[in-house]
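Here is the structure we will look at, set down as structure tokens.
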Amino acid sequence: MKGFLNLVVSDAYWTAFLQDIWQDEQYGRHASNGKKVMVEFSSPNTNKPLHLGHIRNILLGWSAAQILEAAGYEVVKVQVVNDRGIAICKSMLAWEKYSGGATPESAGTKGDHLVGQYYVRFEQEFKKEYEAWQQSGAGQQQLQQWMADEKAVKKAEKELEEARKKAKNEAERKGTEYDPDALTLERHFFKNVYKNTYFNEHSQLGQQAKAMLLKWEAGDEETMQLWKQMNGWVYEGFDKTYEKLGVEFDKLYFESDTYLLGRDAVRQGLDKGIFYEKEDGSVWIDLTDAKLDHKLVLRKDGTSVYITQDIGTAQQRYADFGVDKMVYVVADEQDYHFQVLFETLRRLGEPYADGLHHLSYGMVDLPTGKMKSREGTVVDADDLIAEVIAEARANAEERDTLSGLSQDAQDAIIRKVGLAALKFFIIKVQPQKRMTFDPKDSVDMQGQTGPYVQNAYVRIQSVLRKGGEQDLSAAEAYTELQDAERELIAQLFAFPGLVREAAEGYDPSSVANFCYELAKNYHRFYHDHSILNADSEAAKAFRLKLCYGVAHCLKNGMQMLGIEMPDRM
RNA sequence: GGCUCUGUAGCUCAACUGGAUAGAGCACUUGACUACGGAUCAAGAGGUUUCAGGUUCGAAUCCUGACAGAGUCACCA
């Protein structure tokens with residue numbers, strides 16, 4: 001049975017501890033544990049630019065990687081670029097048809113945004129085409145045919161009823177008008193039931209996009225050239241965004257290289273009896289004894305599906321890097337997929353199977369509701385970054401604390417502060433929770449924010465510039481601590497353990513919260529106790545050492561979140 | 001419908017993994033050293049931790065059952 005044990009750590013212990021660590025610029029980082037871990041994050045499609053959802057993914061992935069590194073792992077950061085498939089073909093087709101040969105240079109548009117524009121254009125044209133067809137004889141005939149299917153209609157009516165309820169609630173919440181006629185059976189049919197079939201079987205544009213995909217798969221030269229060109233534009237755009245965010249990767253995997261992987265593994269698994277073949281020739285794995293379902297891994301025509309590729313890619317990565325662990329940073333909508341994937345790899349006897357982890361995170365909502373790319377309610381990554389930096393600039397100008405510095409130096413600081421606001425705002429929330437992203441709040445620089453933590457560090461730098469260079473050996477004579485000092489040292493003491501736990505739990509938010517608590521306590525200490533004008537030389541020297549310790553800790557902690565510390569702000 | 005995640009102050013989030021009187025920030029009210037940097041600090045107000053049971057010395061946390069929101073249950077990726 002557990003109870004309470006109130007023990008008092010002596011001041012002598014704390015002072016000795018501070019003496020040990022105050023000069024350690026690497027404080028909080030663990031020695032190498034000889035293990036290697038791969039972290040996959042970002043993994044965008046190449047048909048549109050990055051948005052707020054990617055930003056949460058990227059920040060989580062990057063900080064998880066930094067934390068694992070600090071905990072002693074060798075880390076390999078990778079992304080899988082989804083550079084092939086029907087989506088990019090849509091962009092390519094729309095570009096061919098409507099752009100008149102526009103390039104990022106000629107249009108004055110960032111490459112990823114340009115390609116995204118043509119993806120949107122495709123969807124618009126497709127919608128026009130589809131709506132016209134719906135009113136045609138063929139469209140109405142399909143509708144009538146479906147309406148005659150009692151079972152299907154019944155199911156649809158049930159779904160519609162729920163959708164109506166939801167729409168009504170939302171309208172009430174937002175104070176907007178609720179239109180009860182917006183959700184009809186006809187609209188439901190064309191939007192949710194028949195759209196794919198239309199795209200695949202009737203649509204002119206759909207035919208053309210699919211034809212392009214076939215040409216791509218056949219290696220048609222002209223198609224490949226266009227594909228390379230447009231993806232090249234996208235990569236230039238992505239690189240700029242990554243650079244602004246301060247992230248980079250050790251290795252890129254391209255889906256165009258890996259999409260055929262995994263078939264050999266399936267065949268081998270078939271021989272070993274891990275998979276089974278149905279009469280039609282399709283191949284499956286039975287995971288019902290692991291409380292999962294049967295899952296198809298090869299179609300009857302022998303082509304692979306998403307999970308087949310993932311099996312092959314995992315093996316490829318192990319062959320490339322020999323990692324002990326692999327972490328996949330992917331949104332929680334794929335929770336089930338990763339359960340199935342990991343269980344499958346386990347049964348295949350992959351050596352890294354016990355080190356697989358899905359760092360699952362909740363979607364990002366806006367105050368107005370869900371982000372939907374089709375409805376144009378996504379927050380663009382580049383816009384968002386520009387906004388927080390602009391806000392930081394406005395703040396800096398108002399305070400006028402940087403005017404002595406060169407323009408470049410000022411810009412660098414402003415960038416660090418703006419990004420700190422954005423990054424901290426997102427990382428402080430536990431990954432598994434859905435988060436509401438209010439753009440207004442994300443640029444806040446007061447209270448529980450990145451700039452607040454930076455400010456504590458900047459204050460320390462200011463103090464140290466004025467008094468940190470002197471001989472601090474007088475600190476040894478300081479033996480009776482103030483509460484605030486004790487508390488700060490105790491927090492420093494806890495930091496390495498917290499880093500280890502954050503690594504084990506893949507939880508950057510705990511590091512963010514630690515940094516905030518430490519900064520908060522420092523601010524209070526700073527307010528209540530004079531450092532440079534302390535009562536005694538001993539107190540002054542001791543507090544300066546404490547400042548060093550806190551500064552190293554804050555800097556390292558924030559570095560693990562991908563947040564840089566300025567010396568002034 | 002099955003399964004998974006979430007539900008804590010008006011809002012955004014914590015709570016050392018079962019511990020003491022559930023804590024911060026924002027917003028609101030009121031204060032602070034002629035400055036070691038006020039992007040700070042202090043105070044006030046704000047709670048039946050969605051609800052109902054259970055487990056035990058003790059529950060926001062674990063179990064059961066409701067309720068609400070989200071996701072998923074593709075030969076899509």
Side-chain angles (χ1 to χ4, degrees), chain A residues 1-4 6 43 45 80 82 84-87 158 166 169 196 255 259 278 280-284 291-293 295-301 303-310 331-337 339-340 360-363 365 367 370 392 395-396 398-399 401 417 420-421 425 428-438 440-442 444-456 458-468 494 497-498 501 505 509-510 512-514 516-517 519-520 522-534 540 543-544 547 568-569:
Chain A
M1 190 181 291
K2 284 190 281 184
F4 291 101
N6 289 315
S43 301
N45 293 324
V80 175
N82 299 303
R84 63 165 287 281
I86 193 71
K158 225 167 131 187
K166 223 183 277 178
N169 284 342
N196 271 341
E255 206 201 351
Y259 81 110
K278 279 194 180 174
D280 65 0
S282 59
V283 180
W284 299 69
K291 290 187 176 169
L292 300 165
D293 210 339
K295 176 75 189 176
L296 176 114
V297 290
L298 278 185
R299 296 190 186 101
K300 63 184 171 190
D301 62 4
T303 56
S304 51
V305 289
Y306 187 47
I307 197 159
T308 324
Q309 212 185 116
D310 271 356
D332 62 6
E333 60 188 349
Q334 294 198 39
D335 283 354
Y336 183 76
H337 169 76
Q339 281 185 43
V340 171
S360 167
Y361 62 91
M363 299 280 191
D365 290 324
K370 286 180 68 171
N395 266 280
E398 197 180 314
R399 285 170 227 280
T401 48
V417 174
F425 184 75
K428 73 176 183 184
V429 180
Q430 291 168 353
Q432 76 269 21
K433 296 199 179 175
R434 258 187 116 84
M435 67 172 294
T436 321
F437 184 92
D438 190 333
K440 248 189 0 266
D441 294 344
S442 73
D444 274 351
M445 311 215 167
Q446 284 163 20
Q448 195 179 23
T449 67
Y452 173 95
V453 181
Q454 288 178 320
N455 186 232
V458 164
R459 280 180 141 181
I460 294 174
Q461 297 314 307
S462 176
V463 170
L464 294 181
R465 275 195 293 272
K466 287 170 186 157
L498 182 118
E501 277 174 31
S509 74
S510 62
N513 282 306
F514 174 88
Y516 171 69
E517 292 294 334
K520 186 176 164 60
Y522 183 81
H523 278 306
R524 199 210 318 260
F525 160 75
Y526 178 93
H527 180 267
D528 292 345
H529 302 283
S530 187
I531 299 164
L532 296 176
N533 298 315
K540 178 176 167 183
R543 286 174 188 167
L544 283 167
C547 285
R568 312 163 193 268
M569 64 193 282

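Quick note on labels: first sequence line is chain A, next is B, and so on, each numbered from 1. Basis for what follows: all heavy atoms, side chains included, without hydrogens, waters or symmetry-related copies. Please read all numbers here as calculations on a predicted model, not as lab measurements.
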Among [options], which nucleotide sits nearest the side chain of [X]?
X	options	value
A:V429	B:C26, B:C36, B:A14	B:A14
A:Q430	B:C36, B:A14, B:C41	B:A14
A:V458	B:G37, B:C41, B:A39	B:G37
A:R459	B:G37, B:A24, B:U4	B:G37

Per-residue pairing states of RNA chain B in dot-bracket (Watson-Crick or G-U under 3.5 Å; . unpaired, | other strand) read (((((((..((((.....[...)))).(((((.......))))).....(((((..]....))))))))))))....
Approximate separation, where rounding is to 0.5 Å, of [X] [atom1] and [Y] [atom2]:
X	Y	atom1	atom2	value
A:R543	A:N533	CZ	CG	10.5 Å
A:L464	A:L532	CG	CG	8.5 Å
A:N395	A:Q446	CG	CD	7.5 Å
A:Y526	A:I460	OH	CD1	10.0 Å

When you measure from the centre of the six-membered ring of A:Y522, is the NZ or CZ of A:R459 under 6.0 Å away and within 45° of the axis?
->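 Not flagged: A:R459 not positioned over aromatic ring of A:Y522.
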Could you check whether any side-chain heavy atom of [X] comes within less than 4.5 Å of a side-chain heavy atom of [Y], counting everything from C-beta outward?
X	Y	answer
A:R84	A:Y259	yes
A:Y361	A:M435	no
A:H523	A:N455	yes

N-glycosidic conformation, B:U17 - syn within 90 degrees of 0, else anti | syn
Roughly how many Å is it from [atom1] in [X] to [atom2] in [N], rounded to a whole number?
X	N	atom1	atom2	result
A:M569	B:G38	CE	P	12 Å
A:K466	B:G37	NZ	C1'	7 Å
A:L532	B:C33	CG	P	21 Å
A:Q448	B:A24	CD	C1'	6 Å
A:L292	B:U4	CG	P	11 Å
A:Y526	B:C33	OH	C1'	12 Å
A:Y516	B:C26	OH	C1'	10 Å
A:I460	B:A39	CD1	P	16 Å

List the steps, then state whether side-chain contact (heavy atoms from CB on, under 4.5 Å) holds for A:M569 with A:Q461.
-> CA-CA 11 Å; A:M569 64 193 282; A:Q461 297 314 307; over 6 Å; no
If you look at every strand shown and take non-hydrogen atoms under 4.0 Å, does [X] touch a base, only sugar-phosphate, or nothing?
X	answer
A:K291	nothing
A:T401	base
A:T436	sugar-phosphate

Going through the distances and angles, do A:K291 and A:Q339 end up as a side-chain contact (heavy atoms from CB on, under 4.5 Å)?
-> CA-CA 10 Å; A:K291 290 187 176 169; A:Q339 281 185 43; over 6 Å; no
Which value, in whole Å, describes the distance between the [atom1] atoms of nucleotides [N] and [M]?
N	M	atom1	result
B:A22	B:G38	C1'	31 Å
B:A60	B:G23	C1'	12 Å
B:G44	B:U56	P	39 Å
B:U61	B:A15	C1'	10 Å
B:C76	B:C13	C1'	36 Å
B:U55	B:A43	C1'	42 Å
B:A59	B:G54	C1'	11 Å
B:U72	B:U50	C1'	24 Å

Residue pair A:D528/A:S509 against RNA chain B: nearer the 5' end by closest nucleotide is A:S509
If the sugar-phosphate is the primed atoms plus P, OP1 and OP2 and the base is the rest, what is the B/S/- string for nucleotides 67-77 of chain B, using protein heavy atoms under 4.0 Å?
-> ---SSS--BSB
Please determine whether a side-chain nitrogen or oxygen atom of [X] lies at a distance below 4.0 Å from atom OP1 or OP2 of [N].
X	N	value
A:K440	B:C26	no
A:Y452	B:G38	no
A:R399	B:A39	yes

Just do the side chain to side chain donor-acceptor pair (under 3.5 Å) check on A:D335 and A:S360 with the steps written out, would you?
-> CA-CA 7 Å; A:D335 283 354; A:S360 167; 2.8 Å; yes
Search all heavy atoms of A:T308 against all heavy atoms of A:L298 and return the closest pair with its distance.
->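 Scanning both residues, the minimum pair turns out to be CG2-CD2, 4.1 Å.
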